[in-house]
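The block underneath contains the structure these notes are about, expressed in structure tokens.
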Amino acid sequence: MASGGGKQATKIVSKSSAGGAGAAGASGGPPVMPLASPLMGKKKKPFLGMPAPLGYVPGLGRGATGFTTRSDIGPARDANDPVDDRHAPPGKRTVGDQMKKNQDDDDEDLNDTNYDEFNGYAGSLFSSGPYEKDDEEADAIYAALDKRMDERRKERRELREKEEIEKYRMERPKIQQQFSDLKRKLAEVSEEEWLSIPEVGDARNKRQRNPRYEKLTPVPDSFFSKHLQTGENHTTVDPLQGLGGLNTPYPGSMTPGLMTPGTGELDMRKIGQARNTLMDMRLSQVSDSVSGQTVVDPKGYLTDLNSMIPTHGGDISDIKKARLLLKSVRETNPHHPPAWIASARLEEVTGKLQVARNLIMKGTEMCVKSEDVWLEAARLQPGDTAKAVVAQAVRHLPQSVRIYIRAAELETDVRAKKRVLRKALENVSKSVRLWKTAVELEEQEDARIMLSRAVECCPTSVELWLALARLETYENARRVLNKARENIPTDRHIWITAAKLEEANGNTQMVEKIIDRAITSLRANGVEINREQWIQDAEECDKAGSVATCQAVIRAVIGIGIEEEDRKHTWMEDADSCVAHGALECARAIYAHALQVFPSKKSVWLRAAYFEKNNGTRESLEALLQRAVAHCPKAEVLWLMGAKSKWLAEDVPAARSILALAFQANPNSEEIWLAAVKLESENNEYERARRLLAKARSSAPTARVFMKSVKLEWVLGNIEAGQELCTEALKHYEDFPKLWMMRGQIEEQCENMDKAREAYNQGLKKCPHSVPLWLLLSHLEERVGQLTRARAILEKARLKNPQSPELWLESVRLEFRAGLKNISNTLMAKALQECPNSGILWAEAVFLEARPQRKTKSVDALKKCEHDPHVLLAVAKLFWSERKITKAREWFLRTVKIEPDLGDAWALFYKFEMQHGTEEQQEEVRKRCENAEPRHGELWCAESKHVLNWQKKTGEILAEVASKIKNTF
């Protein structure tokens with residue numbers, strides 16, 4: 001072992017010796033001095049001590065980029081080790097979580113899902129790189145571009161944002177908007193209801209709930225006396241003492257009587273005496289010196305107090321500013337009238353009437369020629385003084401019409417008024433206003449004389465000429481109007497007055513000539529003929545009773561300024577407008593002219609016939625219809641109107657002859673055949689009706705003709721004949737649902753329920769889309785007690801006929817009649833989802849609700865179906881049930897106006913008037929119903945189409961339906 005160690009040591013020593021001098025020096029020999037550096041004697045480099053350039057990393061060029069040792073970052077840690085932060089959120093509580101998060105932040109998401117064609121990647125591609133100065137400049141340029149583009153799109157963007165906000169507010173209104181309707185209803189809350197609202201609990205503490213109010217105790221006189229004797233400490237300077245020092249007032253220098261001279265004592269006794277004296281003076285002002293009784297008006301006392309309060313709306317400081325400004329205006333420009341008027345009115349509204357009068361009188365001195373200042377002065381002054389002011393104004397302004405009118409108004413005696421106005425006319429003879437005011441005060445003869453002089457002084461006043469013509473005799477009036485036409489050739493009223501004058505004196509043949517000459521003359525003088533103005537004049541003539549004049553005017557101007565293709569449409573609108581204005585003769589003239597131009601237009605004849613039916617007499621209607629059928633022989637409705645008019649007048653032979661002529665013009669016309677049958681059956685000529693129907697079935701067989709044949713036999717009691725005819729008809733017209741309905745109803749009447757069911761089922765096979773057939777079958781099953789089958793039939797009907805409100809309504813009522821109210825409510829909700837705009841469903845839904853919820857439901861119904869007659873009728877019934885009579889009547893009237901063909905509305909309205917109206921109101925409803933001749937309505941049709949009521953008139957059916965209505969709502 002020792003020899004081996006020696007060998008090793010020898011090797012080491014030999015290596016050391018071979019190392020040269022450097023090794024020897026290192027092993028402990030003398031140190032070797034380094035060689036002198038060539039840079040040591042040179043100057044210091046200029047970059048030393050200066051900041052490094054941008055982006056410089058020391059040692060980067062030679063690869064010495066900095067490094068990190070284990071001592072810098074600490075010992076290695078496992079990924080599951082907890083972090084030092086004890087309160088780290090979930091997902092960041094281990095070392096691995098934080099390392100993963102840092103890695104995710106560093107890595108850029110370059111996935112295709114994060115790429116957009118316009119914007120590129122959602123993140124920044126170079127977020128990990130250094131942010132240098134050129135990056136900052138580039139960002140500034142892009143920011144400027146974005147700002148510029150944003151300004152260009154600013155208006156559109158703001159408009160779009162505004163629309164989005166409005167849409168958002170509509171979809172999601174604020175709480176305040178949601179309760180706005182309830183806030184409006186607070187206006188209807190009475191004082192008693194308001195006071196009956198219970199108080200909310202008070203959450204404050206006891207001291208806040210029961211505060212101790214400050215107690216005020218009167219201070220005794222001795223307190224003031226003591227402090228006056230001892231003196232007071234002043235902490236403020238009296239502004240009245242100027243700058244001469246803080247001088248103490250000499251004792252006794254105050255008001256005599258309050259302080260005894262020479263002493264500092266306050267005499268309370270004299271203060272009490274003064275107070276009593278003041279009260280005595282005030283009481284003596286309101287007492288009667290003779291009887292000693294008070295004359296204070298207890299009712300008018302508060303009114304008098306209110307009258308003493310200034311009625312200005314501004315603050316005291318505002319009035320002072322206004323007064324100062326107006327004073328400046330007056331001093332700057334003393335000859336400016338509005339400044340004086342405004343100053344006077346300011347003082348007037350602040351209650352200083354005398355100051356206002358003084359100001360305005362000074363204004364009359366400074367603005368002598370101002371009419372407004374004089375009138376304001378006359379208004380502010382009392383009666384006699386105002387007359388003096390007006391007299392002074394007249395001396396300065398002798399040509400002012402307004403001042404003369406004011407002077408006449410100030411006079412109370414009629415003779416004095418006349419005297420003032422005549423004096424005014426001497427000075428201002430050209431004033432139409434003065435002449436009219438003066439003429440109004442005169443008697444008829446004196447007025448005629450004055451008007452004769454007035455038209456000489458004012459020859460261009462149409463009103464004066466027309467007034468004179470009205471007061472003159474016929475011959476003189478013609479001369480006056482001729483002179484007026486010479487002086488005023490451009491006014492149409494003179495010509496129209498001349499035409500009315502001729503008509504009033506029986507010269508109707510001259511009326512047409514005068515109007516024609518008027519049009520020609522006015523055009524020659526360059527006057528444009530305004531069609532609307534002339535029609536208005538014609539309406540005024542109609543209302544004044546000048547029928548010939550109004551018709552002549554209509555004929556003259558009706559075609560002016562209208563294109564040929566627009567004539568018919570425009571004339572019909574004009575006629576409707578005249579009817580709306582109550583000018584029936586004008587409308588009649590328009591229709592007459594239209595019929596002359598369009599003699600073969602069926603629509604014009606119909607409009608004219610309906611006009612005569614509603615506004616004319618029976619004779620005028622029949623005369624018009626005779627002319628109508630002569631020009632339009634193929635218009636069946638005109639023949640039928642003529643026959644009906646004769647029938648209503650109980651002239652049956654004339655009606656038959658009209659229908660015979662109609663047969664010749666329209667052979668084999670179904671309408672005319674059925675009208676002839678109705679005429680005969682209504683007049684109890686049943687054999688004639690049967691023969692007519694037999695001829696119709698042979699010559700013009702139609703489904704309606706067969707139906708009327710079955711109906712006639714049915715109502716006359718010939719059931720077998722009716723069934724035979726029905727069977728024959730169904731061979732030819734099996735797709736006509738009314739025949740199947742009649743067959744089933746006849747069997748029901750005969751208590752043959754099985755045959756009736758069979759008829760309905762056969763009819764539904766042929767006519768599956770006939771809702772009345774489904775309803776009849778459902779009613780049949782319900783009547784025989786088969787509720788489940790009736791329900792199934794209605795469900796099947798709804799499948800065959802989706803969105804049918806009648807079927808949904810029957811389903812709801814079926815469940816309600818069965819006592820299943822919950823199911824009926826559920827069905828109603830489904831029905832309203834499928835048919836949201838059905839009026840009959842909403843009307844039924846209102847009364848399915850409990851009484852407190854009906855009003856809300858009716859509001860929803862009106863929002864969905866604002867103009868539906870069934871909804872309006874439901875609202876009227878709702879008001880009726882709440883005993884709101886006036887509102888109910890208004891809604892009934894609205895209903896029958898919107899839909900006069902709804903018989904149920906008329907029946908309910910009549911029932912309502914029978915309970916709450918007068919006999920006149922009941923009679924009015926009945927007459928209006930007879931004129932409307934309603935044909936539809938559930939209750940109405942149940943009575944009008946009943947076999948026993950086939951010959952009843954509209955008024956009888958109305959009374960029958962009204963009597964069967966029960967106020968169950």
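Side-chain atoms are counted along with the backbone in the values below, which use heavy atoms only and exclude waters and symmetry mates. Positions are given from 1, in the same order as the sequence printed here.
Annotation for Glu191: atom CD does not count as buried by contact number, only 12 or fewer foreign heavy atoms lying within 6.0 Å. Applying the 6.0 Å contact sphere to CD of Gln354 captures more than 12 heavy atoms from other residues, nucleotides or ligands.
Residues meeting the salt bridge (Lys or Arg N to Asp or Glu O under 4.0 Å) test with Asp574, sequence neighbours left out: Arg531. For Glu151, the side chain to side chain contact (heavy atoms under 4.5 Å, CB included) partners at least two apart in sequence or on another chain are Lys147, Arg148. Every residue two or more places apart in sequence or in another chain that forms a side chain to side chain contact (heavy atoms under 4.5 Å, CB included) with Arg415 is listed here: Asp413. Taking Glu411 as the reference, Lys387 meet the salt bridge (Lys or Arg N to Asp or Glu O under 4.0 Å) condition, with sequence neighbours excluded. For Asp516, the salt bridge (Lys or Arg N to Asp or Glu O under 4.0 Å) criterion is met by no residue, not counting sequence neighbours. Every residue meeting the side-chain hydrogen bond (donor to acceptor under 3.5 Å, both in side chains) condition with Arg157, not counting sequence neighbours, appears here in chain and number order: Asp150. Residues meeting the side chain to side chain contact (heavy atoms under 4.5 Å, CB included) test with Glu540, sequence neighbours left out: Asp537.
The nearest pair of heavy atoms linking Val420 to Ala407 is CG1-CB, 3.9 Å. Nearest heavy atoms, Ala575 versus Ile590: N-CD1, 3.9 Å. The nearest pair of heavy atoms linking Ala556 to Ile519 is CB-CG1, 4.3 Å. Closest non-hydrogen pair, Val389 versus Ala378, comes out as CG1-N, 4.0 Å. What you find for Val373 and Gly363 is that their closest heavy atoms are CG1-C, 3.8 Å. Residues Thr549 and Val511 approach most closely at CA-CG1, 3.7 Å, considering heavy atoms.
For the pair Thr350 (side chain) and Leu346 (backbone), a donor-acceptor distance under 3.5 Å is present. Proximity of a side-chain donor or acceptor of Tyr404 to a complementary backbone N or O of Val394 within less than 3.5 Å is not detected. No side-chain donor-acceptor contact under 3.5 Å links Thr385 to the backbone of Gln381. Judged by distance alone, with hydrogens and angles left aside, the side-chain atoms of Arg357 form a donor-acceptor pair with the main-chain N or O of Leu380 at under 3.5 Å.
The salt bridge (charged side-chain N to carboxylate O under 4.0 Å, His left out) pairs that include a residue from residues 325-338 number zero, where partners must be two or more places apart or lie in different chains. Sequence neighbours left out, not one pair with a member in residues 484-508 passes ring pair (Phe, Tyr, Trp, His ring centres under 6.0 Å). Sorted by first then second residue, the side-chain hydrogen bond (donor to acceptor under 3.5 Å, both in side chains) pairs that include residues 365-380, not counting sequence neighbours, are Arg345-Glu376, Glu348-Arg379, Glu371-Ser400, Glu371-Arg402, Asp372-Arg402, Glu376-Arg379.
Using a 4.0 Å cut-off between a side-chain N of Lys or Arg and a carboxylate O of Asp or Glu, Glu409 and Lys417 do not qualify as a salt bridge. A salt bridge between Arg169 and Glu166 is absent, with no side-chain N of the basic residue lying under 4.0 Å from a carboxylate O of the acidic one.
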For residues 541-548, run the donor-acceptor check on the side chains, cut-off 3.5 Å, and write out each pair with its distance to 0.1 Å, sequence neighbours left out.
from   : atom 1 : to     : atom 2 : distance (Å)
Asp542 : OD2    : Leu584 : N      : 3.2
Asp542 : OD2    : Glu585 : N      : 3.0
Asp542 : OD2    : Cys586 : N      : 3.4

Could you list the donor-acceptor pairs under 3.5 angstrom formed by side chains in residues 332-340, with sequence neighbours left out?
from   : atom 1 : to     : atom 2 : distance (Å)
Thr332 : OG1    : Ser328 : O      : 2.6
His335 : ND1    : Met366 : O      : 2.8
Trp340 : NE1    : Pro334 : O      : 2.8

